[in-house]
Chemist: 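Quick one: structure below, then a few questions.
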Amino acid sequence: MSIRLFALVLLLCLFLNSITTKAQTYSRNGMVVSTSSVASETGRDILKKGGNAIDAAVATAFALAVTHPSAGNIGGGGFLVYMDNEGTATTFDFREKAPLKATDDMFLDENGDVIENSNHFSAKAIGVPGTVAGLYKAHEKFGKLSWQEVVQPAVELASNGFTMNWSLYQSAQYFEGDKERYPQMQGFFSNENGDIVEPGDIWKQTALGNTLSLIRDKGSDGFYKGVVAKKIEAFMKANNGIITKKDLAKYVAIERKPVFGTYKDYQICSMAPPSSGGVTLISMMDMMEQVSFDTLEFNSTAYVHFLAEAMRRAYANRAKHLGDPDFNPDMPIDFLLDKQLAKEQVATIDMQKATKSDSSKFGQMPEGDNTTHLSVMDKDGNAVSLTYTLEYAYGSGMVDKELGFIFNNEMGDFNPKPGVTTTRGQIGTKPNLIEPEKRMLSSMTPVIVAKDGKPYLVIGSPGGRTIINTVFQTVLNVIEFDMEIDDAIEAMKIHHQWLPDRIMYEELLLSPDTREALKSMGHEMISRTRLGQLMGIIYEDGIFKGASDSSSGEGAAVGY
Ligand code: DON
């Protein structure tokens, strides 16, 4: 956007509370960005009521559990990064964990091979959910409005219904067409007559509304104890699952120290393990800090090559070292975040040709295709960056009709076979093997970047292992290439995850010449329509600028 246009927008903002231009929304009193406009409006209304960023984030997350059930959830888990307007930050880890009865060979057959789909499509694939405990804990510590006030909008959205959209309608058709794999999703999007709710009609989720009412009235205990816990245990027994009431009663969300890095004059704050996101992101930023951008023009062959090589190195370390910190007390986090390591790694990059990833050591697991991120800032400049997930879209596809929420399939994020790592699909390294009560390693990367010690950029994305890289490039686009938030989100992204050894790129955004040049340097090039689905806010000069990725049809940045 030109300076003149920007000045005009600022002027307009003096008269209006919020204005949307292109794909960007401007406001003066706070902003909520999520993949569902209904959920973003819910968060905005909480801000208007005097709620702070945590209140709005909790309300938005519960609303997403109703309006965006492919990833919004109470049956999954995630991470919340909070930074107040003075730059003090903390995080909440509400990642799912393995049930007490889990074992490191639970997804293997008698020959020791991974049973196909068992770690994603079975009740054993379900990790002990963390979302309700995490939202409760964050709200208990920082919330301003009452718990009842922030949960109530979601209760109403579920019980009274909201307007069915085309994206949900598509999901409904998809599940109809695959009754064998998704028996429990049949009827999920239907009205009381058993017909799929048509776009434009009201879709009510009465059972979910009842479960949410219990959470509203009893807090975290409404989910982890009493009738809901009893029903979850009964559901597991009936479906060959292993989660018990004891697992639920023992679940705790954990407040953890964030990981911090610096990039030039900016401070980067993100999630520590059990997410690999923060450490991997910061180590890549550290490598970028070593180069001169005079020689790395945005989207040039040299730029994409350097990005890919930085990613290759950071992801190799991720696979080797990271897991649940409570089970891996000796993870070399300080070593991975040391700028000296970045210097040494950059020194190994040949700018003329691709390095070869050593496939004899580790491989990567395939990822699911849904998760969701929300970014919130309140009028005082406090910020929340929250990413949570069911792992696959609609998780395990398993749902108890009386509880009304979908269970995750997050056990698929553990390394399924001890010691066996292949180039195609599996890692077998120890830090992320299954153990009772362990949290599975994640790639979710909720980030807050501070400038002059105050929240400046709030960003995150779904996308499995691509998350860290799409967030990484969006941060660079804003702070290195001076892009506005919508441009930073939409601009071309690539993904390299060490193994498989290849660059994924956004098909229509990388020129054919650059593609060919990268190929001749030894990179395998794989096209994707889009990478990431970023939700971000920039806050400067008293103005909030928000944007939701255009790949999210229902998404919206809503301010006031
Ligand atoms: O925690 C993780 O890294 C994965 N379970 C996230 C899955 C995901 O993002 C799929 N979404 N597109």
Side-chain angles (χ1 to χ4, degrees), residues 34-36 64 68-73 75-81 91-98 119-121 125-131 134 167 171 270-281 314-315 318-319 322-324 364-374 385-397 406-416 425 427 431-432 434 438-447 459-472 493 495 497 504 506 528-535 548-549 551-553 555:
S34 84
T35 196
S36 151
L64 281 166
H68 185 67
S70 61
N73 69 80
F79 303 103
L80 183 157
V81 177
T91 73
F92 294 89
D93 161 4
F94 49 99
R95 182 67 160 166
E96 299 93 326
K97 56 184 204 175
N119 59 352
H120 279 115
F121 293 109
I126 303 170
V128 183
T131 295
S167 156
S171 295
S270 187
M271 197 63 220
S275 181
S276 60
V279 172
T280 311
L281 168 74
Y315 274 69
R318 171 197 185 277
L322 301 182
D324 183 344
Q364 305 287 327
M365 290 182 295
E367 288 289 341
D369 60 2
N370 235 295
T371 292
T372 195
H373 179 82
L374 62 101
S385 191
L386 187 159
T387 315
Y388 70 156
T389 189
L390 291 167
E391 162 65 345
Y392 280 8
Y394 298 94
S396 57
I406 297 165
F407 288 103
N408 69 82
N409 54 359
E410 218 74 52
M411 292 293 285
D413 270 356
F414 278 118
N415 298 349
I427 303 178
N432 193 35
I434 305 172
K438 196 188 215 179
R439 285 153 146 91
M440 53 297 277
L441 185 66
S442 172
S443 297
M444 289 188 275
T445 314
V447 174
I459 192 78
S461 178
R465 213 158 292 186
T466 69
I467 294 173
I468 315 171
N469 283 332
T470 57
V471 169
F472 164 52
K493 309 272 182 322
H495 171 68
Q497 56 175 42
M504 281 180 195
E506 289 183 317
R528 287 286 177 274
T529 319
R530 291 297 302 268
L531 288 167
Q533 194 178 90
L534 294 123
M535 302 285 149
S548 89
D549 202 313
S551 66
S552 158

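Computed from a predicted model, the values in this text were never measured in an experiment. Note that ligands are numbered from 1 as they come in the structure, with each ligand's atoms numbered from 1 the same way.
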Chemist: Is T35 close to M535 at the side-chain level, that is, under 4.5 Å between some pair of heavy atoms?
Modeler: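 With C-beta onward as the side chain, the pair touches.
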
Chemist: Which atoms of ligand 1 sit under 4.0 Å from any heavy atom of D413?
Modeler: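 Checking each atom against D413, I get 1 (O), 2 (C), 3 (O), 4 (C), 5 (N).
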
Chemist: For the residue pair I406 and L390, establish whether any side-chain heavy-atom pair is separated by less than 4.5 Å.
Modeler: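 Yes, their side chains come closer than 4.5 Å.
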
Chemist: Before signing off on this row, confirm whether G464 and ligand 1 have an N or O atom pair separated by under 3.5 Å.
Modeler: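 Yes, since at least one N or O of G464 sits under 3.5 Å from an N or O of ligand 1.
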
Chemist: For K493 and D549, what are the C-alpha separation, side-chain angles and deciding distance, and is it a salt bridge (charged side-chain N to carboxylate O under 4.0 Å, His left out)?
Modeler: CA-CA 13 Å; K493 309 272 182 322; D549 202 313; over 6 Å; no

Chemist: Can you name the atoms of ligand 1, numbered from 1 with element, that are less than 4.0 Å from a heavy atom of T371?
Modeler: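 Here the atoms of ligand 1 in question are 6 (C), 7 (C), 8 (C), 9 (O), 10 (C), 11 (N), 12 (N).
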
Chemist: Quick one: does R95 get within less than 4.0 Å of ligand 1, heavy atoms only?
Modeler: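 Yes; R95 lies near enough to ligand 1 that a heavy-atom distance drops under 4.0 Å.
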
Chemist: Please could you name the atoms of ligand 1 that E410 approaches to less than 4.0 Å, counting only its heavy atoms?
Modeler: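 So the answer, numbered in order with elements, is 1 (O), 4 (C), 5 (N).
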
Chemist: Run the numbers for me: atoms of ligand 1, each under 4.0 Å from some heavy atom of I467, listed by number.
Modeler: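 So the atoms of ligand 1 that pass are 9 (O).
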
Chemist: Just wondering, do K438 and P274 contact through their side chains at under 4.5 Å, heavy atoms?
Modeler: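 No. Closest side-chain heavy atoms not under 4.5 Å.
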
Chemist: Does a side chain donor of either R530 or S551 reach within less than 3.5 Å of an acceptor in the other side chain?
Modeler: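 No, S551 and R530 have no side-chain donor paired with an acceptor closer than 3.5 Å.
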
